[in-house]
Structures are given as C-alpha cells and as structure tokens.
Amino acid sequence: QVQLVESGGGSVQAGGSLRLSCAASGLTFSSVAMGWFRQAPGKERDFVATISWNGGSTYYADSVKGRFTISRDNAKDTVYLQMNSLKPEDTAVYSCAARNRRGGGTMANVYNYWGQGTQVTVSS
C-alpha cells in the first residue's frame with residue numbers, strides 16, 4: 001500500500017530554518033505530483049506548496065513565498081520542504097500528499113494519499 005512518511009519537524013526559534021522530508025513508497029513516485037499542507041490547532045488545513053512530477057513546476061502559498069522551497073528527488077522517492085525565516089505563525093502540523101497526476105494542485109481534495117504529518121513549532 002502507499003505510504004508517505006514525513007520527518008524533520010521540530011522546535012525552532014523565529015528566524016530559524018527546518019527541512020522537512022517526505023519519503024514515499026508503494027507508488028510510482030516519479031509519475032505523481034506532490035504537495036505540502038499544514039494545519040494549526042483550531043484551524044483548517046492550508047495549502048503550502050506543490051511540485052509537479054518532474055520538479056519542473058512549483059507553486060507556493062503567498063504566506064510562504066520567498067521563504068519556503070519545495071523540491072523532490074525522484075531517485076530517492078522523496079519530496080522536501082526547506083523552510084527558512086520561520087515565523088511563529090508557521091507553527092502547525094505539516095503533511096505531505098501525493099496526487100495521481102503529473103501536475104500539482106492547491107486544493108486538498110485533489111490529492112489521493114496523505115502522510116501522518118510532522119509537528120513544526122516556531123517560538124518568538
């Protein structure tokens with residue numbers, strides 16, 4: 001079965017950096033688009049970033065543009081989210097998702113598979 005496993009979360013001070021990883025198995029990783037979403041306590045899940053099947057196209061939420069970078073390594077079946085200049089409002093559970101299409105999307109309901117998530121906490 002398909003598994004998406006996130007890692008790299010943790011606690012960091014404002015202005016710091018973290019790199020999240022999402023390792024995929026049970027699917028043809030090089031054929032699917034990937035996305036990152038986040039959910040803060042008491043809030044809805046929000047889109048963060050998405051990347052196409054070959055990494056040729058990326059798209060970001062306005063709130064993270066210029067600070068976060070999504071990338072993928074199809075040889076390792078892994079997608080990454082480099083997060084720089086972190087802010088307290090970035091605190092959330094971050095989840096990766098896979099979509100059975102080559103192009104990504106910003107809506108959660110277009111993704112077919114989800115990871116369990118990893119906690120990111122940014123203190124001021």
Side-chain angles (χ1 to χ4, degrees):
Q1 71 276 22
V2 176
Q3 281 193 314
L4 301 177
V5 180
E6 301 95 340
S7 61
S11 297
V12 65
Q13 288 193 325
S17 298
L18 283 173
R19 186 196 192 202
L20 305 184
S21 299
C22 170
S25 60
L27 52 69
T28 305
F29 184 77
S30 58
S31 297
V32 302
M34 299 294 295
W36 284 98
F37 290 76
R38 67 186 182 186
Q39 187 167 20
K43 295 188 176 181
E44 293 189 352
R45 183 165 50 191
D46 289 333
F47 165 75
V48 175
T50 186
I51 188 166
S52 61
W53 65 287
N54 63 352
S57 177
T58 59
Y59 187 78
Y60 299 90
D62 287 343
S63 59
V64 307
K65 202 172 295 182
R67 299 188 298 122
F68 291 11
T69 302
I70 189 171
S71 62
R72 65 190 297 160
D73 185 341
N74 285 351
K76 296 183 178 179
D77 292 352
T78 301
V79 63
Y80 305 97
L81 186 67
Q82 177 67 44
M83 306 186 295
N84 299 329
S85 302
L86 282 161
K87 305 175 181 180
E89 51 263 43
D90 294 320
T91 294
V93 174
Y94 285 71
S95 299
C96 65
R99 184 187 190 198
N100 283 333
R101 294 282 183 93
R102 292 193 167 188
T106 62
M107 302 297 291
N109 61 10
V110 306
Y111 289 84
N112 304 98
Y113 309 103
W114 290 84
Q116 291 297 311
T118 185
Q119 177 70 47
V120 171
T121 302
V122 184
S123 58
S124 57

About how many Å separate OG of S30 and CG of D77, when rounded to the nearest 0.5 Å? 7.5 Å
Which atoms form the tightest heavy-atom contact between G105 and V110, and what is the distance? CA-CG2, 4.3 Å
Distance under 6.0 Å and angle within 45° of the ring axis: does R72 meet both against F29? yes
Roughly how far, to the nearest 0.5 Å, is SG of C96 from CE of M34? 4.5 Å
Verify, without hydrogens or angle tests, whether N84 (side chain) and T69 (backbone) share a donor-acceptor contact under 3.5 angstrom. no
Yes or no on side chain to side chain contact (heavy atoms under 4.5 Å, CB included) for W36 and E6, after CA distance, side-chain angles and deciding distance? CA-CA 10 Å; W36 284 98; E6 301 95 340; 3.9 Å; yes
Straight-line distance of I70 CD1 to I51 CD1, nearest 0.5 Å: 5.0 Å
Does E89 have more than 12 heavy atoms from other residues, nucleotides or ligands lying within 6.0 Å of its CD? yes
Can you pull out every ring pair (Phe, Tyr, Trp, His ring centres under 6.0 Å) where at least one residue sits in residues 68-119? Sequence neighbours excluded, please. F37-Y111, F37-W114
To check you understand the geometry: which heavy-atom pair defines the closest contact between N100 and N112, and what is its length? N-OD1, 2.7 Å
Under a 4.5 Å side-chain heavy-atom rule over Ile, Leu, Val, Met, Phe, Trp and Tyr, are L81 and L86 clustered together? yes
dist Q1:CD -> S25:OG (nearest 0.5 Å) comes out at 7.5 Å
Just how far is it from atom CZ of R102 to atom OG of S57, taken to the nearest 0.5 Å? 13.5 Å
With a cut-off of 6.0 Å (strictly less than), are more than 12 heavy atoms of other residues, nucleotides or ligands near CZ of R101? no
All heavy atoms of R67 vs all of S85, minimum pair found to be NH1-O, 2.9 Å
Without hydrogens or angle criteria, can the side chains of D73 and S71 be said to hold a donor-acceptor pair below 3.5 Å? no
Does anything in residues 25-46 pair up under salt bridge (Lys or Arg N to Asp or Glu O under 4.0 Å), and if so which pairs, sequence neighbours excluded? R38-D90
What distance do R99 atom CZ and T50 atom OG1 have between them, rounded to the nearest 0.5 Å? 8.0 Å
